[in-house]
Amino acid sequence: MSLTVTVDDLSILMADGEVALAAGSSVADFDMMVGDSFQVPLRWTATLRNTDGGWKVAAIHFSANMFDNPLM
């Protein structure tokens, strides 16, 4: 599995610049052991917090269209 990630825009800063919100799209590429391969388009959101001198991921969420995807 590999994942290609694209951000929609610059992060939105909140809480006096200590929290950043970002969103975008990605494509997950799957190569199965039986020889099949497929791609799943995804949307994601992420929340990061500036802690101890660096940005840390506080939350991340990926979702796929459950009605239109290669597994269906």
Side-chain angles (χ1 to χ4, degrees):
M1 180 205 169
S2 65
L3 187 68
T4 304
V5 178
T6 304
V7 67
D8 287 343
D9 206 348
L10 295 175
S11 299
I12 299 169
L13 294 176
M14 303 174 71
D16 296 324
E18 295 297 313
V19 175
L21 303 175
S25 60
S26 60
V27 176
D29 292 295
F30 293 92
D31 292 320
M32 309 305 282
M33 290 178 64
V34 295
D36 295 341
S37 63
F38 57 92
Q39 294 182 326
V40 178
L42 303 166
R43 290 290 303 163
W44 59 268
T45 58
T47 304
L48 296 96
R49 183 163 182 90
N50 193 352
T51 306
D52 299 327
W55 289 96
K56 310 278 191 301
V57 176
I60 193 162
H61 170 261
F62 285 88
S63 62
N65 185 334
M66 62 186 271
F67 298 109
D68 182 19
N69 66 66
L71 298 176
M72 296 295 290

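A quick note: this is a predicted structure, and the numbers were derived from the prediction, not measured.
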Problem - Worked verdict on Leu42 versus Ser26 for side chain to side chain contact (heavy atoms under 4.5 Å, CB included) - result: CA-CA 5 Å; Leu42 303 166; Ser26 60; 3.4 Å; yes
Nearest heavy atoms of [X] and [Y], plus distance in Å:
X: Ala23; Y: Arg43; value: CB-NH2, 4.5 Å
X: Ala15; Y: Val19; value: CB-CG2, 4.0 Å
X: Asp31; Y: Ser37; value: OD1-CB, 3.1 Å

In the single-linkage hydrophobic clustering (I, L, V, M, F, W, Y; side-chain heavy atoms under 4.5 Å), do [X] and [Y] co-cluster?
X: Val5; Y: Leu48; answer: yes
X: Val7; Y: Val27; answer: no
X: Met33; Y: Phe38; answer: no
X: Val57; Y: Met14; answer: no

Rounded to the nearest 0.5 Å, what's the gap from [atom1] on [X] to [atom2] on [Y]? Could you check?
X: Asn50; Y: Leu13; atom1: CG; atom2: CG; value: 9.5 Å
X: Gln39; Y: Ser2; atom1: CD; atom2: OG; value: 8.5 Å
X: Ile12; Y: Leu21; atom1: CD1; atom2: CG; value: 6.0 Å
X: Ile60; Y: Thr45; atom1: CD1; atom2: OG1; value: 7.5 Å

Determine yes or no for a side-chain-to-main-chain donor-acceptor pair under 3.5 angstrom, with [X] supplying the side chain and [Y] the backbone.
X: Lys56; Y: Thr51; value: yes
X: Arg49; Y: Trp55; value: no
X: Trp44; Y: Ser25; value: yes

Exercise for the section: Show your reasoning for whether side chain to side chain contact (heavy atoms under 4.5 Å, CB included) applies to Met1 and Val40. Expected result: CA-CA 11 Å; Met1 180 205 169; Val40 178; over 6 Å; no
Exercise for the section: Taking atom CE of Met32 as the centre, report whether more than 12 heavy atoms of other residues, nucleotides or ligands fall under 6.0 Å from it. Expected result: no
Exercise for the section: Taking the side chain as every heavy atom from C-beta outward, state whether Leu3 and Phe62 have any pair of such atoms under 4.5 Å apart. Expected result: yes
